[in-house]
Amino acid sequence: MIQTITHTAIEKIDQIRHLIGDTPIHNFGSADASVKLSAKLEWYQIGGSVKSRAAYFIIKNAIEKGFINEEIRLLDASSGNTAIAYAAICEKIGLQPTICLPENASAERKSILEKLGAEIVYTSPFEGTDGAQAVAKHMAETEPSKYYYADQYNNEYNWKAHYLTTAGEIWRQTDGKITHFVAGLGTTGTVTGTALRLKEMNPNIQIIALQPDIAMHGLEGWKHLETAIIPGIYDSNVIDQKLAVSTTKAYKTIVKLAEDEGLLVSPSSAANYIGAAEVASSLSSGHVVTMFPDDASKYKEVLNEIL
């Protein structure tokens, strides 16, 4: 019976592959035509965020290896976007994930997860995703026959998703002319996987990693690595430079991008723009590409505060 379920799930996961990735790229105007700045609009895929890439490949691998089925649930910790991606994908293929979610996650995230049928286990609002990871690990160890702990922070299919999809898309969309890739550090999968593949295509491409300027920040999904648990998939060797971004400036930039570009983005997307624009301003020529992980639809509290 389980083999039949697994075979059906494999067929279903393959059938929704077209809903993952292939996101459009937005080119920003510049007075200096020799320096280009672009951003991948990652909300144009199932789940509405960049996390759909990692979630898809993590789920696909788990199904193919028999780690999850109708009897064994996928279990993971998330601040929100990966959780939604898991739930959206699982809903399409007839499975139900269990998500350990910090209790202070936004009302929008909680509502979306509930509508998608995910089982939610709320964790301490004071411990963030580090605390959620501890709870998920304990649950998996306590009931191994019920849960498969996907562990996105240490799952190789997190970074492989970007190695296999994001980097190639950027290469094609820039006609191979990308010179700098800039992105924030959270699970670190986006930076690690994209950087590894881009550097294979052109070793001269510079990788700039962004992180919050302080430990107590408001950039949901990002990690201040000096004070957080460093993900096992993080590869510092692919990074050429690090820059810090403030939450306050990111919030102000949300307004700027709405007014100047007609893009209503999340705080992390705005923060990525700040880092990419800083890099672009230091160049005499080049093409800087960053990621806009998600739009502002799940950040009504932030928008009410700044708009």
Side-chain angles (χ1 to χ4, degrees), residues 26 28-30 37-43 48-51 78-82 101-110 124-132 180-188 190-191 207-231 234 239 241-283 288-307:
H26 179 85
F28 294 90
S30 173
L37 174 59
S38 305
K40 291 275 283 173
L41 307 184
E42 290 295 287
W43 55 87
S49 82
V50 68
K51 298 299 185 180
S78 169
S79 64
N81 275 338
T82 304
L101 185 76
E103 195 173 0
N104 59 341
S106 69
E108 292 91 349
R109 281 175 165 77
K110 294 174 183 176
S124 170
F126 306 108
E127 298 176 358
T129 54
D130 287 352
H180 297 73
F181 178 69
V182 184
L185 295 172
T187 66
T188 73
T190 299
V191 171
I207 307 299
I208 296 87
L210 309 176
Q211 65 176 16
D213 58 347
I214 57 174
M216 298 299 290
H217 61 89
L219 301 176
E220 192 163 342
W222 281 33
K223 277 183 177 286
H224 183 260
L225 293 187
E226 288 76 11
T227 57
I229 297 174
I230 297 177
Y234 177 53
I239 294 173
Q241 183 184 358
K242 281 185 183 178
L243 295 175
V245 181
S246 80
T247 298
T248 300
K249 189 171 182 180
Y251 284 5
K252 292 179 179 178
T253 302
I254 291 175
V255 178
K256 172 181 170 59
L257 290 171
E259 294 175 344
D260 296 350
E261 303 291 333
L263 296 173
L264 201 53
V265 304
S266 65
S268 59
S269 294
N272 274 350
Y273 175 81
I274 291 168
E278 181 176 335
V279 171
S281 68
S282 70
L283 304 176
V288 181
V289 179
T290 189
M291 306 288 280
F292 279 4
D294 57 348
D295 64 9
S297 60
K298 299 184 290 294
Y299 301 87
K300 291 181 181 178
E301 293 177 6
V302 172
L303 292 181
N304 289 336
E305 180 183 332
I306 64 177
L307 295 180

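Scope of the values below: all heavy atoms of this structure, side chains included, with no hydrogens, waters or symmetry mates. Residue numbers count from 1 along this sequence.
- Closest of all the heavy-atom pairs between Pro231 and Gly186 is CG-O, 3.7 Å.
- Of the possible donor and acceptor atoms, none in the side chain of Thr188 sits under 3.5 Å from a partner among the backbone N and O of Leu185.
- Of all non-hydrogen atoms in Gln241 and Ile239, the two that sit nearest each other are O-CG2, 3.3 Å.
- We find the OG1-CD1 distance between Thr290 and Ile208 to be 9.5 Å, quoted to the nearest 0.5 Å.
- Contact of the Ile254 side chain with the Pro267 side chain is registered, since non-hydrogen atoms from C-beta on lie closer than 4.5 Å.
- At a threshold of 4.0 Å, the pair Asp294-Lys51 does not count as salt-bridged, since none of the basic side-chain nitrogens sits closer than that to a carboxylate oxygen.
- Using bins of under 30°, 30° to 60° and over 60° for the plane-to-plane angle, the ring pair Phe292/Tyr273 lands in the perpendicular bin.
- Distance check: Lys242 NZ to Leu210 CG gives 11.0 Å after rounding to the nearest 0.5 Å.
- Lys256 NZ: 12 or fewer foreign heavy atoms inside a 6.0 Å radius.
- Separating the CG atom in Leu101 from the OG1 atom in Thr82 is a distance of 11.0 Å, to the nearest 0.5 Å.
- What you find for Val191 and Phe181 is that their closest heavy atoms are CA-CE2, 4.4 Å.
- Taking 4.5 Å as the limit, every side-chain heavy atom of Pro125 sits out of range of all side-chain heavy atoms of Pro102.
- Interatomic distance, CG of Asp130 versus OG1 of Thr227, reported as 8.5 Å (0.5 Å rounding).
- Across all non-hydrogen atoms, the minimal contact from Glu108 to Ser297 is CG-O, 4.0 Å.
- Residues Ala183 and Thr190 share a closest heavy-atom pair of CB-CG2, 4.4 Å.
- Side chains of Ser268 and Ser266: a donor on one and an acceptor on the other come within 3.5 Å.
- In this structure, the separation between CG on Leu263 and CG on Leu257 is 6.5 Å, given to the nearest 0.5 Å.
- A donor-acceptor distance shorter than 3.5 angstrom exists from the side chain of Lys110 to the backbone of Glu103, with no hydrogens or angles considered.
- Proximity of a side-chain donor or acceptor of Asn272 to a complementary backbone N or O of Gly184 within less than 3.5 Å is detected.
- Taking the charged nitrogens against the carboxylate oxygens, Arg109 and Glu220 do have a contact shorter than 4.0 Å, which makes a salt bridge.
- A side chain to side chain donor-acceptor pair (under 3.5 Å) with Gln211 is found for one member of Lys223, Glu226, His224 and no other, namely Glu226.
- Each of Val289, Leu37, Val279, Ile207 was compared with His180 under the side-chain contact (heavy atoms from CB on, under 4.5 Å) criterion, and only Val279 meets it.
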Pair Phe28-Asp260, side chain to side chain contact (heavy atoms under 4.5 Å, CB included): steps then yes or no:
CA-CA 10 Å; Phe28 294 90; Asp260 296 350; over 6 Å; no
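- With rounding to the nearest 0.5 Å, the separation of OG in Ser79 from CG in Asn104 is 10.0 Å.
- When all heavy atoms of Asn81 and Tyr299 are compared, the closest pair comes out as ND2-OH, 3.9 Å.
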